[in-house]
Amino acid sequence: MAEFLTPQHEDFSKWYTEIVQKADLADYSPVRGCMVIKPYGYTLWERIHEELDRRFKDTGHVNAYFPLFIPESFLHKEAEHVEGFSPELAVVTIGGGNQLEEPLVVRPTSETIIGHMYAKWVQSYRDLPLLINQWANVVRWEMRTRLFLRTTEFLWQEGHTAHATRQEAIDETLQMLNVYTDFAVNEAAIPVIPGRKSESEKFAGAVTSYTIEAMMKDGKALQSGTSHFLGQNFAKAFDIKFLDENNEQQFAWTTSWGVSTRMVGAVVMTHGDDQGLVLPPRLAPIQVVIVPIWRKDDQRTEVMEAANKLYARLKGFVRVKLDDREGVSPGWKYNDWEMRGVPLRIELGPRDIEKQSVMLARRDIPGREGKTIVPMANLEETIPEMLATIQASILQKAQDYRDANIQDVTTYAEFKAAIEQGFARVWWAGSREDEARIKDETKATIRCIPLEQPGGKGRCIYTGQEATEVAIFGKAY
RNA sequence: CGGGGCAUAGCGCAGUUUGGUAGCGCGCACGGUUCGGGUCCGUGAGGUCUGCGGUUCAAAUCCGCAUGCCCCGACCA
């Protein structure tokens, strides 16, 4: 068999670039660092969008839309925020042929303009909490870009909430982290580690940042969603004030949280194999593909009739596609749909029709072992069951892989070895500077301080001081 | 921004060293053959060789400048 795809073990990075394009997820655009999300990739994003949006609504949030352009001065109102984002801003200076009085930045994120609006909208504690999300594009002028993982323009959702009390805002921040974790595990089948960001890794302007960190198949970490407790930083910068029950002026407490099209990259790099994508059934644009098989013309009529009937039947309860392309062999189609990561394939030929059965092939188990013959009568039960099995199975596989590549280490030598293949979990009491030195020496950073802690005390891996928490280090995307 | 590589048909490349009618594979179109794991045969369409300037009888090829993209490093969802 010819090589259609660079094997993962040979060059994971190349594998990724190739599969994203070959599976029709995205293509490069004429503008450097930007991508075109193709229909198949966009449908996957739509599935992510739907599942997240459902969870946001369930937790009391509503959607709105804020403008793409932000007055440049807004960015300057929060000191850390401007420092963090200045290097990567795209700025519009000309409009309608005239130099603008004040340049407009293309939003890199919307805390500032939303802060400005919230200040207008919030007068009383009765106006709180404000629980708004927006689905939008944002622009960050990145040095190096990669399809889905880091592009100049990307799609995301950003939730922005304002609360009357500190505790309520903290609860919101953690609630949304839980929502992300739930989504990642139960929809994307990605076993993420929820945790807190270190000082140097936190969002520009946040008091505390939380993250869900995932391990990709090359052992590197991908930050797949973030939730920030912003304290009163933005409230003070934008004057979001309200009168409380005692008729006293208070600053609001705000949060923000986001998941981006990077999630698509996470799905690709968590489950994909040398055959191509492996999509979790719950997110897959196509869950089942029917490949008809015939030899002679009379068989063709018979098979296509049966295939069309089957398609009409399945359409009611799964996302199904009938591959009726002519001129390509069934074997070619198998490979083609495997590359696109379709979880389940139905092979339907004369032999099956005769026996009133179909051949079911699982994407997550390659070759003959993944094939079973099932009676056509039970497909309403068999297919959803099989999809659920696949979903559970790829989650388990990803979790086993991750667990096998997280090591608890106590010496710096072990640490260095551990981060060559995955994550290192260590006792940590170091400073921002210690973290920077480790990054220089090993390229690894604190991915997160997991919410789930072992308790007790230990010796800090770097400083040798007494430490009360463990941190997870890894090389990051 | 530093280092490296590349730019020739939709895609992947050869041709550039040594200047002389622009080629191969895949894909695409048409016809036939095939179809239970990437069929086979035939016919055909498709190129201002990234751009600008120079050398020359003659430039994809030599020289200069520019631009774009990819990979590796510092910043980042």
Side-chain angles (χ1 to χ4, degrees), chain A residues 1-5 11 13-14 16-18 21-22 27-34 83-89 108-109 136-158 180 197 200-204 206 209-214 221-228 256-266 275-276 291-297 299-300 303 323 325-339 345-354 358-359 361 366-368 370-371 373 436 439-440 443 445 476-477:
Chain A
M1 191 178 92
E3 291 285 321
F4 292 91
L5 195 59
D11 187 342
S13 178
K14 197 169 174 194
Y16 178 81
T17 308
E18 285 178 8
Q21 289 174 86
K22 288 189 176 180
D27 201 354
Y28 289 101
S29 86
V31 180
R32 186 195 134 74
C34 293
E83 196 188 324
F85 282 104
S86 284
E88 50 189 54
L89 293 180
T109 177
N137 58 336
V138 288
V139 167
R140 298 180 185 177
W141 219 261
E142 300 288 354
M143 307 282 183
R144 276 187 62 207
T145 57
R146 303 198 57 199
L147 295 174
F148 290 110
L149 301 179
R150 182 174 305 108
T151 46
T152 299
E153 179 190 10
F154 58 92
L155 305 182
W156 76 346
Q157 62 62 220
E158 45 178 329
Y180 288 159
K197 278 290 177 192
S200 51
E201 292 277 326
K202 75 175 192 193
F203 176 74
S209 285
Y210 297 89
T211 175
I212 48 171
E213 291 288 324
L222 188 71
Q223 180 175 314
S224 308
T226 49
S227 186
H228 312 290
S256 67
W257 27 274
V259 159
S260 73
T261 36
R262 174 181 270 188
M263 185 58 84
V264 174
Q275 262 37 262
V291 178
I293 296 153
W294 67 81
R295 196 181 286 275
K296 301 183 219 83
D297 266 353
Q299 287 180 334
R300 180 188 149 175
V303 169
D323 187 353
R325 283 179 292 180
E326 302 198 6
V328 280
S329 70
W332 195 93
K333 290 177 180 176
Y334 298 168
N335 286 284
D336 194 45
W337 292 111
E338 281 171 7
M339 187 181 73
R345 180 179 66 239
I346 294 179
E347 303 171 12
L348 180 68
R351 296 207 294 256
D352 303 293
I353 293 170
E354 201 183 314
V358 297
M359 182 73 90
R368 291 206 180 281
K371 291 195 184 190
I373 296 171
K439 189 178 179 186
D440 282 346
K443 300 203 191 333
T445 51
Y477 267 94

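In what follows, chains are A, B, ... by sequence order, proteins preceding strands, each numbered from 1.
Here Arg345(A) lies in heavy-atom contact (under 4.0 Å) with a base. Residue Met359(A) is classed as a base contact, given a heavy-atom separation below 4.0 Å to a base. Residue contacts for Gly349(A): at a heavy-atom cut-off of 4.0 Å it reaches a base atom on one of the strands shown. When heavy atoms are screened at a 4.0 angstrom cut-off, Arg300(A) is found touching no nucleic acid atom at all.
In this structure, CG of Asp336(A) is placed 15 Å from P of G36(B), rounded to the nearest angstrom. Atom P of nucleotide G38(B) and atom CE of Met339(A) are separated by 16 Å, given to the nearest angstrom. Arg351(A) has its CZ atom 13 Å from the C1' atom of G37(B), to the nearest Å. Put simply, CG on Asn335(A) is 17 Å from P on C35(B), counting in whole angstrom units. At whole-Å resolution of the value, CZ in Arg295(A) and P in U39(B) are 14 Å apart. Whole-Å rounding puts the Glu18(A) CD to G12(B) P distance at 11 Å. One interatomic measurement links the two molecules: CD of Glu354(A) to C1' of G36(B), which rounds to 14 Å at whole-angstrom precision. Between Trp337(A) atom CH2 and G38(B) atom P there is a gap of 18 Å when expressed in whole angstrom units.
Searching all strands for a Watson-Crick or G-U wobble partner of A60(B) with both distances below 3.5 Å returns nothing. When both distances must be under 3.5 Å, the Watson-Crick or G-U wobble mate of A74(B) does not exist. Base pairing analysis places G68(B) opposite C6(B); the two distances defining the Watson-Crick or G-U wobble pair are each below 3.5 Å. The partner of G42(B), taking Watson-Crick or G-U wobble pairs whose two distances both stay under 3.5 Å, is C30(B). The base-pairing partner of U48(B), taking Watson-Crick or G-U wobble contacts with both distances under 3.5 Å, does not exist among the strands shown. Using Watson-Crick or G-U wobble geometry with both donor-acceptor distances under 3.5 Å, A14(B) finds no partner in any strand shown. With a 3.5 Å ceiling on both atom-pair distances, G36(B) lacks any Watson-Crick or G-U wobble partner.
Of the P atoms belonging to A66(B) and A9(B), the separation is 25 Å, rounded to the nearest Å. Taking the C1' atoms as reference points, U61(B) lies 15 Å from G54(B), given to the whole Å. Of the C1' atoms belonging to G12(B) and A7(B), the separation is 13 Å, rounded to the nearest Å. Nucleotides G46(B) and A59(B) have their P atoms positioned 24 Å apart, rounded to a whole Å. Rounded to whole Å, the C1' atom of G53(B) lies 14 Å from the corresponding atom of U67(B). G15(B) and A22(B) are spaced 8 Å apart, taking the C1' atom of each and rounding to whole Å. Between the P atoms of U50(B) and A60(B), the separation comes to 10 Å (whole Å). When the C1' atom is used for both A14(B) and C24(B), the distance is 7 Å, rounded to whole Å.
Closest non-hydrogen pair, Ile293(A) versus Val303(A), comes out as O-CG2, 3.2 Å. Summarising the geometry of Phe148(A) relative to Thr261(A), their closest heavy-atom pair is CD2-O, 3.5 Å, with the distance given to 0.1 Å.
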Under 3.5 Å, N/O pairs linking protein and nucleotides 71-77 of chain B:
from: C72(B); atom 1: OP2; to: Arg144(A); atom 2: NH2; distance (Å): 2.1
from: G73(B); atom 1: OP2; to: Arg144(A); atom 2: NH1; distance (Å): 3.2
from: C75(B); atom 1: OP2; to: Lys439(A); atom 2: NZ; distance (Å): 3.3
from: C76(B); atom 1: O2'; to: Glu142(A); atom 2: OE2; distance (Å): 3.2
from: C76(B); atom 1: O2; to: Arg150(A); atom 2: NE; distance (Å): 2.0
from: C76(B); atom 1: O2; to: Arg150(A); atom 2: NH2; distance (Å): 2.7
from: C76(B); atom 1: N3; to: Arg150(A); atom 2: NE; distance (Å): 3.2
from: C76(B); atom 1: N3; to: Arg150(A); atom 2: NH2; distance (Å): 2.4
from: A77(B); atom 1: O3'; to: Gln223(A); atom 2: OE1; distance (Å): 3.4
from: A77(B); atom 1: O3'; to: Gln223(A); atom 2: NE2; distance (Å): 2.0
from: A77(B); atom 1: O2'; to: Gln223(A); atom 2: O; distance (Å): 3.2
from: A77(B); atom 1: O2'; to: Arg262(A); atom 2: NE; distance (Å): 3.4
from: A77(B); atom 1: O2'; to: Arg262(A); atom 2: NH1; distance (Å): 2.7
from: A77(B); atom 1: N6; to: Thr151(A); atom 2: N; distance (Å): 3.0
from: A77(B); atom 1: N6; to: Thr151(A); atom 2: O; distance (Å): 2.8
from: A77(B); atom 1: N3; to: Ser260(A); atom 2: OG; distance (Å): 2.9

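Between the side chain of Arg262(A) and the backbone N or O of Leu149(A), at least one donor-acceptor pair lies under 3.5 Å. Remark: side-chain polar atoms of Lys197(A) are not paired, donor with acceptor, to backbone N or O of His228(A) under 3.5 angstrom. A donor-acceptor pair under 3.5 Å links the side-chain atoms of Lys333(A) to the main chain of Asp323(A), judged by distance alone.
The phosphate of U39(B) has OP1 or OP2 within less than 4.0 Å of a side-chain N or O from Ser329(A).
A donor-acceptor contact under 3.5 Å links the side chain of Lys371(A) to the base of G37(B).
Here the two rings, on Tyr210(A) and Phe203(A), have centers that are 6.0 Å apart or farther.
At a threshold of 4.0 Å, the pair Glu326(A)-Arg300(A) counts as salt-bridged, since one of the basic side-chain nitrogens sits closer than that to a carboxylate oxygen.
Open room surrounds CZ on Arg295(A); 12 or fewer heavy atoms of other groups in view lie less than 6.0 Å from it.
Under the rule for a salt bridge (Lys or Arg N to Asp or Glu O under 4.0 Å), Lys14(A) has no partner lying at least two apart in sequence or in another chain.
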